[in-house]
Amino acid sequence: MSAEPRRVENQLTDKGYVPVYTTAIVEQPWDSYTEQDHATWSTLFTRQREILKGRACAEFIDNQERFGMAAGQIPRFAEINALLAKTTGWQLIGVEGLLPELDFFEHLANRRFPVTWWIRRPDQIDYIAEPDMFHDLFGHVPLLLNPIFADYMAAYGRGGVKAHGVSAEALVNLTRLYWYTVEFGLIRQHGELRIYGSGIVSSKGESIHCLESAAPNRIGFDIKRIMRTRYRIDTFQKTYFVIDSFEQLMEATRPDFVPIYAELAAQPAYPAGAVLDTDKVFQRGSGEGWATDADA
């Protein structure tokens, strides 16, 4: 465990941001957070909680409150872990930045969720190129108190370890599943669409765009469809997939994915904005403002 945690960020080059990976596990240096760090957390927390009223799923808001997350100061990982351990058996581990894929999968498989120890700078309030503590802690951690979602995350980690030994294409398929569920997923609750994806709940603009804009598609969850669908990493999503319940996610991870990977290997990927005749369409997007360059 690193004694002096570093702030490891993506590097901006003439070709855009290049990810920089680190494997170090660190203690949260809570006493070293500055007044500015706490103020940044407060600004982001206050803004997002207001925006998420009537937009985030009930479990997200309820669990944030169970953790005692508030605007006053950055939460302590140790206090979060005390409740997580006795509720779903998860724990937070401090990291310096992005982890290599296999390391990330192994942590999830063992119910360890990596949380970046540092928070974005004031000039990054509206956009940061990689996950920081606000994204990880505010966005991801609340749903780890939900037993079903917690099991889904562990199952995903085990699946990632397995896919890592199958092929690069299998990893692409699995990454798309994570992207369209854990990061950018929507859920139906009481007949309305709500947000559960961490990439949405930690983003001011996307929290509004995903539910209220006419531009994106909103399509029913289908695991093979998702595994074939490209996505956007630099703009709002062109398509959001909607689950009926967290139980649906858990059921989707029960089958062995290896035959699915083999089936999909011979099939082309769908563009991020595609709508198929077989889709359950909640909304066919207008496409207004969509980027025209290549999807990831």
Side-chain angles (χ1 to χ4, degrees), residues 1-52 55-56 60 64 67-81 92-100 103-104 107 113-142 179 182-184 195 197-210 232-237 291 296:
M1 184 172 291
S2 175
E4 296 183 8
R6 302 170 300 156
R7 180 181 177 127
V8 179
E9 300 180 76
N10 292 347
Q11 297 299 307
L12 181 60
T13 71
D14 57 357
K15 297 181 179 179
Y17 282 98
V18 175
V20 179
Y21 297 99
T22 174
T23 59
I25 307 302
V26 301
E27 293 285 353
Q28 183 190 25
W30 198 89
D31 290 336
S32 71
Y33 292 135
T34 65
E35 289 185 9
Q36 178 177 284
D37 291 333
H38 290 293
T40 297
W41 169 271
S42 179
T43 297
L44 290 165
F45 186 96
T46 301
R47 183 175 75 178
Q48 283 307 112
R49 281 297 297 259
E50 185 62 30
I51 287 171
L52 293 174
R55 293 188 174 100
F60 178 83
Q64 270 198 343
F67 277 130
M69 288 188 188
Q73 61 184 18
I74 293 169
R76 296 176 185 267
F77 295 178
E79 294 176 359
I80 300 290
N81 279 339
L92 310 186
I93 55 171
V95 296
E96 297 178 319
L98 284 175
L99 295 173
D103 292 76
F104 181 66
H107 285 308
F113 192 81
V115 175
T116 307
W117 72 265
W118 50 266
I119 196 164
R120 67 193 70 180
R121 300 185 305 271
D123 63 293
Q124 298 170 314
I125 285 286
D126 291 319
Y127 176 76
I128 186 169
E130 69 263 68
D132 72 330
M133 179 171 51
F134 183 76
H135 170 82
D136 290 340
L137 194 56
F138 180 97
H140 279 287
V141 172
W179 188 267
V182 177
E183 292 288 356
F184 291 95
I195 305 162
S198 61
I200 306 177
V201 296
S202 59
S203 165
K204 174 186 176 182
E206 197 134 14
S207 294
I208 299 170
H209 176 84
C210 72
R232 301 299 307 187
I233 61 173
D234 55 349
T235 65
F236 294 151
Q237 299 306 300

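Positions are given from 1, in the same order as the sequence printed here.
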Inset, instruction - Start with the C-alpha gap between I25 and V95, add the side-chain angles, then the distance that decides, and say whether side-chain contact (heavy atoms from CB on, under 4.5 Å) holds. - result: CA-CA 5 Å; I25 307 302; V95 296; 4.0 Å; yes
Legend entry - Criterion side-chain contact (heavy atoms from CB on, under 4.5 Å) on R232 and F184, from CA distance to verdict: CA-CA 11 Å; R232 301 299 307 187; F184 291 95; over 6 Å; no
Inset, instruction - Go through E9 and W118 one step at a time and tell me if the side chain to side chain donor-acceptor pair (under 3.5 Å) criterion holds. - result: CA-CA 10 Å; E9 300 180 76; W118 50 266; over 6 Å; no
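Side-chain contact check for I233 versus W179: some heavy-atom pair is nearer than 4.5 Å. For the pair L137/L92, a side-chain contact is recorded, criterion being any heavy-atom separation below 4.5 Å from C-beta on. In this structure the side chain of H209 never reaches within 4.5 angstrom of the side chain of I200, judged on heavy atoms. With a 4.5 Å cut-off on side-chain heavy atoms, I125 and L44 count as touching. Looking only at side-chain heavy atoms (C-beta outward), T22 and L98 stay at 4.5 Å or farther from each other. E96 is not listed as a side-chain neighbour of R7, based on a closest heavy-atom distance of 4.5 Å or more.
In this structure, E206 contributes its side chain and Q237 its backbone to a donor-acceptor pair below 3.5 Å. For the pair S207 (side chain) and S203 (backbone), a donor-acceptor distance under 3.5 Å is present. No side-chain donor-acceptor contact under 3.5 Å links H107 to the backbone of F113. No donor-acceptor pair closer than 3.5 Å links the side chain of E27 to the backbone N or O of G94. Under a 3.5 Å cut-off, the side chain of W117 and the backbone N or O of R6 do form a donor-acceptor pair. Without hydrogens or angle criteria, Q28 side chain to P75 main chain gives a donor-acceptor distance under 3.5 Å.
In this structure, the separation between CD1 on I195 and CD1 on I51 is 9.5 Å, given to the nearest 0.5 Å. For the atom pair CE of M69 and CD1 of I80, the computed distance is 4.0 Å after rounding to the nearest 0.5 Å.
Remark: S32 engages P29 in a side-chain contact (heavy atoms from CB on, under 4.5 Å) (not counting sequence neighbours). Every salt bridge (Lys or Arg N to Asp or Glu O under 4.0 Å) that R55 has, sequence neighbours left out, goes to E212. Shown here are the side-chain contact (heavy atoms from CB on, under 4.5 Å) partners of P100, two or more places apart in sequence or in another chain: Y21, T23, D103.
The aromatic rings of F138 and F134 lie parallel to each other, with less than 30° between the two planes, well short of the 60° mark.
The shortest heavy-atom contact between N10 and A129 is ND2-O, 3.4 Å.
Under the side-chain hydrogen bond (donor to acceptor under 3.5 Å, both in side chains) criterion, the residue pairs touching residues 127-136 are T116-D136, R120-D132, H135-H140, H135-E183, H135-S202, with sequence neighbours excluded. Screening residues 38-51 for salt bridge (Lys or Arg N to Asp or Glu O under 4.0 Å) gives R47-D126, R49-E65, E50-K53 as the qualifying pairs, with residues at least two apart or on separate chains. Applying the side-chain hydrogen bond (donor to acceptor under 3.5 Å, both in side chains) test to residues at least two apart or on different chains, none of the pairs has a partner in residues 72-81.
With 3.5 Å as the limit, one finds a donor-acceptor pair spanning the side chains of D37 and T34.
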